[in-house]
There are 2 protein chains.
Amino acid sequence: MKKEKSEERLGLNLSQENKIEIDCVIFCFEDRSLKVLLVKNENDAMNGNWRLPSASLEHGETILKTAQKILKKHISKDDFFLEQLRAFGYHSSTSFQENISIGYYAMVRREKKKEDDEEFHSDIIWIDINNIADLEDKYMMVIDFSIKELRKNICCSAVGFNLLPEKFTLLQVIHLYEEILGIEINKTNFRRKILQRRLVRGLAEKEEGVSNRAAEFYSLNVPKDELFWNAKFNFNF
Amino acid sequence: MKKEKSEERLGLNLSQENKIEIDCVIFCFEDRSLKVLLVKNENDAMNGNWRLPSASLEHGETILKTAQKILKKHISKDDFFLEQLRAFGYHSSTSFQENISIGYYAMVRREKKKEDDEEFHSDIIWIDINNIADLEDKYMMVIDFSIKELRKNICCSAVGFNLLPEKFTLLQVIHLYEEILGIEINKTNFRRKILQRRLVRGLAEKEEGVSNRAAEFYSLNVPKDELFWNAKFNFNF
DNA sequence: TCAAAAGTGTTATGATTACACCCATGA
DNA sequence: TCATGGGTGTAATCATAACACTTTTGA
C-alpha cells in the first residue's frame with residue numbers, strides 16, 4: 001500500500017519500470033497426452049479466460065524462490081522438476097513500454113485419484129497442449145517456447161522421465177516421446193535403445209488386469225536430480 | 001540525471017527495485033583459442049579490473065535492442081550472432097536484495113589487422129576463456145553458463161560457424177571444436193563427417209605461403225541465419 | 001479362438017573408428 | 001631431404017532400422 005503511493009508520485013512511466021512477472025509452464029503427462037496447468041484469469045472481466053500461473057517478483061524475493069512458490073501453490077508434492085526458460089519481453093495493451101516476463105517450466109507426476117476432485121471444484125485446468133486457445137499472446141509465446149525447449153531436452157537428456165510415475169512400462173515411455181515430439185516410434189527398436197543405455201531397471205513386477213500380455217514395470221536407474229544434466233543420450237528422431 | 005534524483009527520494013530500497021542489467025558474453029575465435037571481450041570497469045577504484053560489456057535496461061527500450069546496442073558499441077560490423085542465455089539472479093555487495101541480469105551471448109568474426117590497434121589504445125581486451133580471473137562472481141556466473149550453452153549448441157547445430165571467417169579450412173573447424181569442447185578430434189574422420197552433411201562447400205581455392213601442403217578453403221553452404229535453428233546435426237563427442 | 005500388446009531374433013544398412021598410406025610445400 | 005599438415009582408402013565395429021516371429025492375457 002505504502003509502496004503504491006510512492007510510485008504514484010512518480011507518474012505512470014516510472015512506476016512501471018522493470019516490473020517483472022514470473023510465468024510457469026507446468027507440464028504433466030496423463031491419458032497419453034501432454035498437458036499444461038492453466039488458472040482462471042481473475043482480473044479479467046470476461047469469465048472463462050485462462051492464463052499461466054504467475055506472480056510478480058516481490059521485494060527481497062529471488063526469481064527462483066518466486067517460481068517455486070508458484071508451483072507449490074498448485075502442486076501438493078515437493079517432487080517436481082523446475083528450470084528457467086529465459087526472459088521474455090512483451091507489449092501489453094495497458095503499457096507502452098516492454099514488460100518483462102521470466103519464464104519457467106516444470107514437470108510434475110500427476111496422481112489421478114487424489115487430484116481429480118481438487119480440479120473439479122477449483123479454478124485450475126490441466127489442458128492438452130493441442131487444445132490451448134484464446135490465451136493472451138504473452139502466454140502463448142512462453143508456452144510455445146517451453147514446448148520447443150522440452151522437445152529439445154528430451155532428445156538429449158532423460159529429463160522427460162520427470163513426467164512419468166515411479167513405476168512405468170516401456171510403452172508409457174514410448175507414448176511420452178511420441179506425444180511430445182509428434183512422431184511415431186518403432187516400439188521394438190526404441191525398447192532396445194532405451195534398455196541399452198541402462199537408464200531404467202526392470203522391476204520383475206507386471207501390469208495386472210490388462211486384456212493383453214502384461215508389461216513389465218520399470219523404474220529409473222539414475223537419481224532424479226541427474227536426469228537433466230548427467231543422463232545424456234542422443235535420440236535422433 | 002533527473003531520473004536519479006527521483007529515485008533518491010524513495011530511498012535505497014525502492015530505487016533498486018527490479019533493476020535489470022543486460023550482460024553480453026561476446027565470443028571470438030582467434031589464434032586457435034576462444035576469447036571473450038572484457039571492458040575496463042570504470043566505476044571501480046582499483047585499476048585493471050574488468051567486466052563484461054553491459055548496460056542497464058532503460059525506459060522504453062527492449063531487452064533485445066539493449067543487447068544489440070551493447071554489441072554495436074564494441075563491434076564495428078553488423079555481422080554477428082546474438083542470442084539470449086537466460087535471466088540470472090545475483091547478490092551484489094551494495095544491495096541486500098537480488099539483482100537481475102539478463103545474459104546474452106554473441107559470436108563475431110574477428111578480422112585481425114583492422115582491430116588490433118583499436119584494442120591497443122582502448123579499454124577493451126579479448127581474453128582467452130582459460131585465462132579469465134578476478135572477475136566479479138556475477139560475471140563469472142554468466143560466462144560459465146554461456147560456455148556451457150555454446151558447447152551444447154555447437155554439438156547439435158552449426159552455430160559455431162559464426163566464429164569463423166567467410167573462407168576457412170577444415171583444420172580451422174577442427175581447432176574450433178577442439179578448443180571449445182576441450183577434446184581432441186580425429187582429423188580424417190571429422191573431415192568426412194562434416195563433408196557428408198553438406199554443410200560446407202569447397203571453393204577450389206587454396207592457402208598460400210604455408211610450409212606444408214596447402215589446404216583447400218571452404219565456405220558455408222547454408223544461410224547464416226539458419227545456422228542456429230535449421231542446420232541440425234549430432235556430434236556425439 | 002481372437003485381438004492387442006509384450007517381447008525376441010535376425011539381417012541389412014549406414015555411421016564411426018582406427019589405421020595405413022600417399023601428396024604438396026617451404027625450409 | 002625432412003617435417004608438417006592435407007587428404008584418400010579400407011576394413012572392423014557399432015548403432016539403427018526393418019521385419020518376421022513367438023508369448024501372454026482377457027474377452
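Lettering follows sequence order; numbering is per chain, from 1.
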Residues of residues 170-191 of chain B with a heavy atom under 4.0 Å from any atom of DNA chain C, listed by number, are Thr188(B), Asn189(B)
Taken to the nearest whole Å, CD/Glu208(A) to P/dT24(D) is 17 Å
* Asked: Have Tyr105(A) and Asn153(A) got a donor and an acceptor in their side chains that come within less than 3.5 Å?
  -> yes
### Query
Hey, is the main chain of Glu184(A) close enough, under 3.5 Å, to the side chain of Glu178(A) for a donor-acceptor pair?
no
Looking only at dT10(C), dT16(D), dA5(C), the nucleotide nearest the Gln196(A) side chain is dT16(D)
With sequence neighbours left out, the residues meeting side-chain contact (heavy atoms from CB on, under 4.5 Å) with Asp225(B) are Pro223(B)
Side-chain atoms of Ala214(A) come closest, of dG7(C), dG6(D), dT25(D), to dT25(D)
**Message:** Looking at Arg198(A), is its backbone amide N or carbonyl O close enough to the side chain of Asn221(A) to form a donor-acceptor pair, meaning the two atoms are under 3.5 Å apart?
**Reply:** yes
Rounded to whole Å, the NZ-C1' distance (Lys193(A) to dC14(D)) equals 14 Å
From the candidates dA18(D), dG6(D), dA6(C), the one with an atom nearest any side-chain atom of Arg213(A) is dA6(C)
Side-chain contact check for Asn212(A): nearest option of dT4(D), dG7(D), dT25(D) is dT25(D)
On DNA chain D, more 5' by nearest nucleotide between Val210(A) and Arg197(A) is Arg197(A)
For Tyr90(A) and Met141(A), the nearest pair of non-hydrogen atoms, with its separation, is CB-CE, 3.8 Å
Against the side chain of Arg192(A), the closest entry in dT10(C), dG6(D), dA4(C) is dT10(C)
Checking Arg192(B) against Phe190(B): charged group under 6.0 Å from the ring centre and within 45 degrees of the axis? no
For Glu207(A), report the nucleic acid contact type (base, sugar-phosphate, nothing); a contact means any heavy atom under 4.0 Å. nothing
Glu216(B) atom CD is separated from dT25(C) atom P, nearest whole Å, by 13 Å
